[in-house]
Amino acid sequence: MDYGHPLQFGTFITPAADPPQAAVARAQLSEQLGFDLVTFQDHPYQPAFLDTWTLLSWVAAQTSSIHLAGNVLNVPLRPAPVLARAAASLDLLAEGRLALGLGAGAFWDAMVAMGFPRRTPAESVDQLSEAIDVIREIWRADDRAQLRYSGDYYRLRGAKRGPAPAHEVPIWLGAYKPRMLRLVGAKADGWLPSLSYLKPGDLRTGNAIIDEAATAAGRDPREIRRLLNVSGDPSKPVGRWVDEIVPLVVEDGVGTVILGSDDPLELQRFAEEVIPAVREQVAAARSAAGTATGPMRSAAKLAKRREGIDYDALPASLEAIEPGDFAYAKVRSTYMRGGAPGLVIQPRDADEVATALAFARDQKVPLAVRSGGHGISGRSTNDGGLVIDLSRMRKITVLSEADRLVRIEAGARWKEVAAALAPHGWALSSGDYGGVGVGGLATAGGIGWLAREHGLTIDRLRAADLVLADGSKVHVSAAEHRDLFWAVRGAGANFGIVTAFEFQVDEVGEVGFGQFVYDASDAAGLLERWGAAMEAAPRDLTTNLIMGPPRRGQALAQVYGVVDSSTPDTIIDRLTPIARIAPLLDQQVQVVPYAGVMNVPDAPHDGQGDPVARSGLIDHLTPEFAAAAAHLIASGTVYFFQVRSVGGAVAEVAEDATAYSHRSANFSVVAFGASRSRLDAAWGVLATHFRGLYLSFETDQHPKRLEEAWPPATLARLRALKERYDPANVFRDNFNIDPMGD
Ligand SMILES: Cc1cc2nc3c(=O)[nH]c(=O)nc-3n(C[C@H](O)[C@H](O)[C@H](O)COP(=O)(O)OP(=O)(O)OC[C@H]3O[C@@H](n4cnc5c(N)ncnc54)[C@H](O)[C@@H]3O)c2cc1C
């Protein structure tokens, strides 16, 4: 039986210790010759051999594309939890090139001589079975629960999981006897015997046992790759090799042939003459037999598919991740919210975005659009729906050096933008956190570190490329599709998927970055004084104030801010009034490149549950507002309360120039709470002070919030445009402007 696995070829190199570089050189040669895989036997009791794991690590570092595996690793001598972590580490370092060939142990006398317990054949299979469980559990780094495992050979009492490997590391077992073969069928991803240990007919019998065990375990036998070590023979003519290997593939289902040879000439002849001929004949045989090839999903993964998505209709050109896929753990949730989407599509360009959207329109599930995945509303993930995730689209291109015109794809992050602009002496006011994505922020507003000096992010937008609800691709600017260009600057999420933005960026070099910590016993006074200081400050200063519940009885406030100047006297001049708003507990002022302020480490997207945040825009931090805010903070209802300074250049842009509104507000307020009902109730008290809100800091999806984000005329204009450009309300999952609404 031919299982239709894409053909692969590997080498089986002796890990001889003398000379130590010989095995490494053979591995490098294997890579140069185009083999898919290099493998080494593992006999940790054999002094003539290098330790296989150490060799694998060294080879990984000395090669770049070939995959690596032990052939096979001695599990009784390699504690499973440690082996799991070692394998994940090597896979990460080798960027997804590791396969785990495992064996139940052999040469027991040598193992016993090293102090390891002797096992019966049955025991060693049981141990291997447990080892597979333990290894896979350790790799499940997204599971926050401690790992408890109570087996006969492994007992884990609250072990930590992780790291996860870079890819779904396949586990192949070296197996010959029925018990081991059944284990292959039940749990492994591949069967890896050596032809020299098999009698005629053993492959067929072994496959039958594996297939039966796989079926009994609810698996499709095709999930299990069949690999085979074949001994080298420099005297064997090419034709004989081909005649021997082709039936192994098309009759016995072998998908990976691994040549055991240390002879460079033989490796070369095999790669250049045998492999192409085998490939050709197998392709012809498969085509004649109509054998299905290509990727197949396991039964376990198929069972995780969600209702309402026609998975089989997904165009093959699109890269997508489903529940059960290894990559799913990294894309299911966002920074703020836990999610369980049914499909995450990752387009690579605008055409693929249009293809993905066409597919999405036909599905009966929610649709989320994601760029950086930092959306505070958390609507860039969902439960059971689709996500169009632009994280593969993050190119940054200078269009005009003279005009400082830069094209930025929506999936880039602001720290990447800052790093790309820095060598030109440029920056773009974007936000206070470099991990945030371009797409979400630049379609909503963008209150950044340079806001008072250079305006909102959208104020520097000169054009954008969008895929609209009907799949058409448009370029919007002051000259083309002016109405959409207006809408995209503040309400973009409702009108399409922006694939790229064109910004005119600013000349910004090093900046002063100040960080202050205060005693906030007088929280209301502090708020008021900071507000007054900011309103009086020159525009080159933008700061944010953060407060929260008292820590160990001490009420604290922090102010962070940027002075758009590298001159120490100017920086001190701007920050001195800020330093005086309350008793200082700590302070730090640095002159740093703007890109340095934005350069934060990557944060995991492992949000849990739903975020709860409310937003408000306010003109002045009046004594009444300050008192109400201080009361809210002291109540413990919010765990994070932040006020950002806006105004300045933001307020200079005409109110109706962009969909973003309430430009005269000098401050943007956001509060995060653990309980939605408690925060909503408390927010009602503060709300009387606000003139509107900024949707990027809001989580409440009630239509009332739209009326707060946009004045009546703006909302009416948006609704009319929505009716025109998205009448079927395709983009409805984040602060929806319902075309049918009033
Ligand atoms: C730690 C942190 C700091 C922040 N700091 C600031 C700040 O200083 N200033 C500020 O203004 N905001 C800030 N924000 C809020 C931020 O602007 C928004 O959350 C923004 O939506 C995040 O963009 P994203 O691409 O990462 O989000 P995603 O989660 O990818 O998307 C959020 C939403 O935006 C829409 N969207 C995303 N991509 C596109 C696209 N390509 N086309 C159309 N619509 C799209 C979708 O409706 C999506 O649900 C911060 C958020 C966090 C979590």
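Whatever order the structure lists them in is the order used to number ligands and atoms, beginning at 1.
Residue contacts with ligand 1 include Tyr694, since one or more of its heavy atoms lies under 4.0 Å from the ligand. Heavy-atom distances between Gly496 and ligand 1 reach below 4.0 Å in at least one pair. Contact annotation: Gly373 has at least one heavy atom less than 4.0 Å from an atom of ligand 1. Residue Gly446 places a heavy atom less than 4.0 Å from ligand 1. The shell of residues lying under 4.0 angstrom from ligand 1, judged by heavy atoms, includes Arg644.
The protein atom (non-hydrogen) at minimum distance from atom 33 (C) of ligand 1 is Asn734 ND2, 3.5 Å. Taking atom 14 (N) of ligand 1 as the reference point, the nearest protein heavy-atom neighbour is Phe697 CE2, 3.4 Å. When hydrogens are left out, the protein atom nearest atom 46 (C) of ligand 1 is Val369 O, 3.4 Å; that is the closest non-hydrogen contact. The protein heavy-atom contact nearest to atom 27 (O) of ligand 1 is Gly375 N, 3.2 Å.
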Evaluation steps, ring-ring contact (aromatic ring centres under 6.0 Å, His included), between Tyr594 and Phe513:
CA-CA 9 Å; Tyr594 175 79; Phe513 185 54; 9.8 Å; no
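Shown in contact with Ile497 at under 4.0 Å from a heavy atom are these atoms of ligand 1, numbered in order with element: 42 (N).
Not counting sequence neighbours, Glu528 has no partner by the side chain to side chain donor-acceptor pair (under 3.5 Å) test.
Two residues are said to be in side-chain contact when any heavy atoms from C-beta on lie closer than 4.5 Å; Leu545 and Leu527 meet this criterion.
A donor and an acceptor atom, one from each side chain of Asn599 and Lys415, are nowhere located under 3.5 Å apart. Under 3.5 Å, the side chains of Tyr725 and Asp483 contain a donor-acceptor pair of N or O atoms.
The minimum heavy-atom distance linking Ala350 with Met393 is given by the pair N-CE, 3.9 Å.
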